[in-house]
Participant: 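So that we are looking at the same thing, I have put the structure below in structure tokens.
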Amino acid sequence: MPNIKSAKKRVLVNDKKTEQNKNIRSEVKTAMKKVDLLIKEGKLEDAKVALSAAFASIDAACSKNIYHKNNASNKKAKLAKKVSAAFATATIEEAPAVVEETPVVVEEAPVAEPVKKPRKPRAKKVEAPAE
């Protein structure tokens with residue numbers, strides 16, 4: 001235990017701040033778990049709303065220097081990837097059966113070959129005289 005008054009105060013302040021940081025980290029984790037749970041339940045629209053709430057809590061923690069900006073960005077990217085993957089799989093499963101249609105023939109326009117630019121002549125290397 002410190003003996004100096006200012007050191008004693010620092011211990012108290014550090015304990016208080018540590019507790020506040022734990023609470024904020026816990027809120028971020030809870031928001032992330034909520035998004036995961038909604039995805040597993042198949043409530044994608046609710047997951048999208050929860051995703052924006054999770055982004056807000058992650059950004060708040062980042063602005064308070066609880067998370068490094070790259071760590072916060074990584075967390076947001078992972079969450080967004082999960083939600084977009086869930087939407088992609090849901091749209092594939094819900095897509096109606098494709099009815100075969102007659103193929104449409106599109107005439108291709110003639111492709112012009114690109115014009116080559118003339119090269120500038122390169123400067124010749126001058127060797128240093130041997131001594």
Side-chain angles (χ1 to χ4, degrees):
M1 191 69 190
N3 294 326
I4 300 170
K5 185 177 179 182
S6 62
K8 290 178 185 177
K9 182 179 178 182
R10 292 307 321 153
V11 169
L12 295 175
V13 170
N14 286 339
D15 290 343
K16 184 179 176 183
K17 287 304 246 178
T18 301
E19 197 62 36
Q20 289 174 349
N21 292 347
K22 279 184 187 176
N23 290 337
I24 294 172
R25 279 194 189 98
S26 177
E27 289 175 13
V28 169
K29 289 177 189 175
T30 302
M32 292 173 66
K33 287 177 186 175
K34 187 175 182 181
V35 173
D36 287 337
L37 183 66
L38 289 171
I39 290 172
K40 287 180 184 175
E41 291 177 356
K43 299 178 181 177
L44 299 181
E45 294 302 324
D46 294 337
K48 205 169 191 180
V49 173
L51 178 70
S52 63
F55 276 11
S57 65
I58 292 170
D59 286 335
C62 181
S63 68
K64 295 174 184 174
N65 290 326
I66 295 171
Y67 287 122
H68 188 271
K69 64 179 181 176
N70 292 349
N71 188 356
S73 178
N74 192 13
K75 288 181 184 301
K76 288 168 42 175
K78 285 181 182 178
L79 273 180
K81 190 173 182 180
K82 285 180 185 178
V83 172
S84 64
F87 266 101
T89 56
T91 54
I92 290 172
E93 293 171 1
E94 296 172 4
V98 177
V99 179
E100 289 189 30
E101 298 177 6
T102 57
V104 178
V105 179
V106 179
E107 294 182 22
E108 295 182 15
V111 179
E113 292 186 28
V115 178
K116 292 185 178 180
K117 294 181 181 177
R119 293 182 126 195
K120 293 181 181 178
R122 292 186 176 176
K124 293 183 180 180
K125 292 184 179 178
V126 178
E127 294 182 21
E131 293 181 28

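Not measured: the values here are computed from a predicted model.
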Participant: Quick test of your reading: applying salt bridge (Lys or Arg N to Asp or Glu O under 4.0 Å), list the pairs with at least one residue in residues 70-82, sequence neighbours left out, ordered by first then second residue.
Facilitator: D36-K82, D59-K76

Participant: Is the backbone N or O of N14 less than 3.5 Å from a side-chain atom of T18, with the two atoms forming a donor-acceptor pair by type?
Facilitator: yes

Participant: If I take atom OG from residue S26 and atom CG from residue N21, how far apart are they, to the nearest 0.5 angstrom?
Facilitator: 12.0 Å

Participant: Identify the heavy atoms of I24 and A61 that sit nearest to each other, and give their distance.
Facilitator: CG2-CB, 3.7 Å

Participant: Could you give the distance from CD1 (I66) to NZ (K17), rounded to the nearest 0.5 Å?
Facilitator: 8.0 Å

Participant: What's the separation between atom OG1 in T30 and atom CG in L37, rounded to the nearest 0.5 Å?
Facilitator: 12.0 Å

Participant: For V28 versus S57, what's the shortest heavy-atom pair and its separation?
Facilitator: CG2-O, 3.6 Å

Participant: K69 and C62: which non-hydrogen atoms are nearest, and at how many Å?
Facilitator: CA-SG, 3.6 Å

Participant: Nearest heavy-atom pair of A50 and L38: which atoms, and what distance?
Facilitator: CB-CD1, 3.7 Å

Participant: Quick one: do N74 and N70 satisfy side chain to side chain contact (heavy atoms under 4.5 Å, CB included)? Show the steps, please.
Facilitator: CA-CA 6 Å; N74 192 13; N70 292 349; over 6 Å; no

Participant: L44 and M32: same hydrophobic cluster, using ILVMFWY side-chain contacts below 4.5 Å?
Facilitator: yes

Participant: Mark yes when over 12 heavy atoms from residues, nucleotides or ligands other than L12 sit less than 6.0 Å from its CG; otherwise mark no.
Facilitator: yes

Participant: Pair R10, V13 - check side chain to side chain contact (heavy atoms under 4.5 Å, CB included), show working.
Facilitator: CA-CA 5 Å; R10 292 307 321 153; V13 170; 3.9 Å; yes

